[in-house]
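Below: one structure, written as C-alpha cells.
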Amino acid sequence: MKILLASEFTHLCTGYSAYYKQLAEAFTEAGHDVAEIASYGDANDPLHVKYANECKWDIYLNIPHNLDKAATAEYDRREEATGDAKFGSWMFEQIALKEKPDIVIGLRDYWYDRYITESPFHDCFTSILSPTVDTYPQKADWLDAFNSADYITTYNEWSENWLKEQYHCRNLKPFISPGFEQRPLIDRNTAREALSIPKDIKLIGTVMRNQGRKKFPDLFNAVSSLDDTYVYCHSAYPDKGWDLPSLFLQYGLQNKVYMSYVCKNCHDFSCELYSQRSAKCKKCGGKIETASPIKGVTQDDLRNIYSALDLYVQPHNSEGFGIPTIEAAMCGIRVVSTNFSAQEDVIKKINAIPINVIAIDSEMRTLCSRAILDVEHLRKILADKSTYEFNRAEVARQASRYYTTDLCKKSWVNLVESVELKKSWEKPIEIKPIPEFNEMHALTNPEYVLYCITKVAQQPRFIGSYTHLLFLDSLNGGSLLVTDKKSRSCKQSNKNR
Ligand SMILES: [Zn+2]
C-alpha cells in the first residue's frame, strides 16, 4: 500500500516531526511504501537534501530551490492566496498524481491539513487526519473539515470524548497518542557540562513555540518572585508570538534566561544567556539565532536540555497534546502544567503537578474556550521545596507506561490496514465541459451556488458543507469575510451579479 504523509520534515526536531518519523518508520517496517511532503524541508539546505537522499522513504522537500524559478513562483502565489504553501499545499496535487497514494495522512491542526480533504483528488485516496483538538467548542468550519475526512483519530482520550459531543462522528476512530523512545537517563550534571550551564543554579525550563496560547508571561511572573532561579526557555525570538526580551525585562529576568541558539553558518548548537539578537558563534564567528522549527537542535541536544533542568513547566491556555511534557518526563524531569484540555489526560498519566485554572475565557477569533491559569498557584508550586524532590527514574518509568513507540506504531499500522481504500486512481477521467456564463445568469443566489458546486467545481460532496453555506450567506449578505484582516466585497443582488 502507498501512504503519503503531509508531514513536518522528519529530519527536524519538532514534536510533529518526531511523530511523523514514527509513522514513516512504522509503515516502512510493515512493508508499505511511504512518501513524505516535508514542510520546512528546504531544497537549498545541503543537510536537508542529504537526509532526503539517504532516507528509506521518498521525501519531497517543500521549500523549492532558489534556482527553480517556476516552483518558487508557484509556492509564493499559493502562500499569498491561501497561506498554506508552507504546509505543502502548493505541490500536493502534483505529488499525489505522481505517487497515486492509497492513503494520505495529516497529523496537524486543521488549517495545516485542510488542503488534503479539499483536493480534487480526494475521491482517489483515503484521508486520515489526526487533528489537534485542543479546546471546546470547535469552530463549525473545523468540524466540517473533520467530517469531510474519511477517517479521524485524535491525540488523546480528552479530544476523542470532546469530538463525540460535537458531531456525529461516523468517521471517528479510537485515539492514538504519539510514542516516545525510552532511553537511558542523562545525569543532571553531565547534561549541564554538555551545555556549559553552572551546576549550582536552580533551573526551571520550558520547551514551547513562541505562540499566544503558551503563557510565557505567567511563567516569568511566577519565577520573578524566586531568588536565584534561572529559566531555560527553548523557544524562538523574534517570532510571531510574544516579545520575549521585553518580558524578561518586565519580570527582572534579563540576566537569568538561557536560550538555545543555532549558528546560521556552521549549524553549531549552543546554549547562552539571552543577551542580544546579534550574538556571534563561538566556533566560526557566524551569526547565531534562537532555535526554530527550521533551524532546530537534534534529539540528543534536546534530551540534554531536559536533563539539565530541575523542573519542567508548561504554562498554556490549551493544548492539543503537549509533546514536550512527555519528552521531559521521559528524561526523568517532573512536569508542572495547566490542568486544562488534553493536558488533563497527560497530567494524570505522567503524575505531573497540575496548575489550577481560575477561569475559562472565550477567545474572540475562534469562540473557543481558553483557560486562565492561576499564577499565584504556580508561584506556590515553584516556591515549594518538595516540588523539586523527585526520583528521576520513577518519573521516566511512569511516563513510559503510557507513551511507548511500540504502542503508537502498532496502533497506526492497524489503523491503515483496517480502513477502506477507494482504489480509484486507475479509473478513466471524465472531463466535463465547463458551463457557459450565460447559463448561470438568471439563477437565484441558492441556485447559483449549487450550480457552481455541481457544474463548475463538479464536486457534489460540497453540497451542504460549511463552504456551501458560507458562500451562499456571503452572496446574500453582499460581502465575503476572508480572514480577520481581509474582506472582499461581492455584488449583492442576483440581478447585479
Ligand atoms: Zn558557527
Side-chain angles (χ1 to χ4, degrees), residues 12-15 17-18 47 180-181 183-210 214 216 219-220 223 226 228-237 239 244-245 248 253-314 323-336 382 388 390 392-393 395-396:
L12 301 177
C13 193
T14 68
S17 298
L47 293 178
F180 298 83
E181 209 179 328
R183 292 171 62 185
L185 295 182
I186 302 167
D187 168 70
R188 174 184 178 275
N189 288 348
T190 310
R192 290 208 180 182
E193 266 169 36
L195 300 173
S196 307
I197 294 176
K199 290 170 192 164
D200 57 350
I201 60 168
K202 187 192 271 184
L203 187 63
I204 292 171
T206 196
V207 173
M208 302 194 291
R209 287 197 181 179
N210 189 352
K214 314 288 189 182
F216 288 99
L219 172 63
F220 300 150
V223 172
L226 305 173
D228 301 324
T229 300
Y230 287 69
V231 179
Y232 198 113
C233 183
H234 182 83
S235 192
Y237 178 82
D239 205 335
L244 295 175
F248 302 160
L253 297 172
Q254 57 275 14
N255 53 355
K256 286 185 169 179
V257 181
Y258 286 94
M259 293 190 82
S260 306
Y261 287 89
V262 177
C263 175
K264 283 183 84 175
N265 184 42
C266 72
H267 304 279
D268 186 52
F269 159 68
S270 59
C271 139
E272 314 277 343
L273 280 171
Y274 181 82
S275 57
Q276 51 178 334
R277 279 173 52 193
S278 56
K280 293 268 181 290
C281 172
K282 286 180 186 128
K283 249 190 185 170
C284 77
K287 185 172 168 19
I288 59 172
E289 288 184 343
T290 52
S292 65
I294 301 172
K295 284 265 183 286
V297 302
T298 64
Q299 284 290 351
D300 285 342
D301 293 332
L302 196 58
R303 291 184 70 239
N304 268 332
I305 293 169
Y306 287 122
S307 305
L309 303 178
D310 294 306
L311 190 70
Y312 180 84
V313 184
Q314 183 101 355
I323 284 174
T325 56
I326 297 156
E327 287 177 337
M330 294 294 277
C331 289
I333 308 303
R334 179 175 275 173
V335 171
V336 178
L382 299 186
Y388 305 89
F390 55 89
R392 291 192 171 212
V395 172

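Only this structure's heavy atoms are used, side chains among them; waters, hydrogens and symmetry mates stay out.
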- Could you check Tyr312 against Gln314 for side chain to side chain donor-acceptor pair (under 3.5 Å), going step by step and ending with a plain yes or no? CA-CA 7 Å; Tyr312 180 84; Gln314 183 101 355; 2.4 Å; yes
- Message: Give me the atom names and distance for the closest heavy-atom approach of Ala236 to Asn210.
- Response: O-ND2, 2.9 Å
- Message: Are more than 12 heavy atoms, taken from residues, nucleotides or ligands other than Asp228, located less than 6.0 Å from that residue's CG atom?
- Response: no
- Item | Test item: Phe269 and Thr298 side chains (from C-beta on) under 4.5 Å apart, heavy atoms | no
- Sequence-distant partners of Asp239, side-chain hydrogen bond (donor to acceptor under 3.5 Å, both in side chains), two or more places apart: none
- Query: Within 45 degrees of the axis of the six-membered ring of Tyr230 and under 6.0 Å from its centre: does Lys202 put its NZ or CZ there?
  - Reply: no
- Task: Please name all residues satisfying side-chain hydrogen bond (donor to acceptor under 3.5 Å, both in side chains) with Glu327, sequence neighbours left out, ordered by chain then number.
- Result: Tyr306
- Strictly by modelled atom types, are Asn304 and Ser307 linked by a side-chain donor-acceptor pair under 3.5 Å? no
- Task: Apply side-chain hydrogen bond (donor to acceptor under 3.5 Å, both in side chains) to Ser260 and list each qualifying residue two or more places apart in sequence or on a separate chain.
- Result: Tyr232, His234
- Message: Under the rule for salt bridge (charged side-chain N to carboxylate O under 4.0 Å, His left out), what residues qualify as partners of Lys256, not counting sequence neighbours?
- Response: none
- Do the ring centers of Phe220 and Phe248 come within less than 6.0 Å of each other? yes
- Note on the structure: Hits for side-chain hydrogen bond (donor to acceptor under 3.5 Å, both in side chains) against Asn189, two or more places apart or cross-chain, chain-then-number order -> none
- Residues in side chain to side chain contact (heavy atoms under 4.5 Å, CB included) with Ala308, at least two apart? Ala191, Arg192, Leu195
- Query: Quick one: does Arg303's side chain get under 4.5 Å of Arg183's, heavy atoms only?
  - Reply: yes
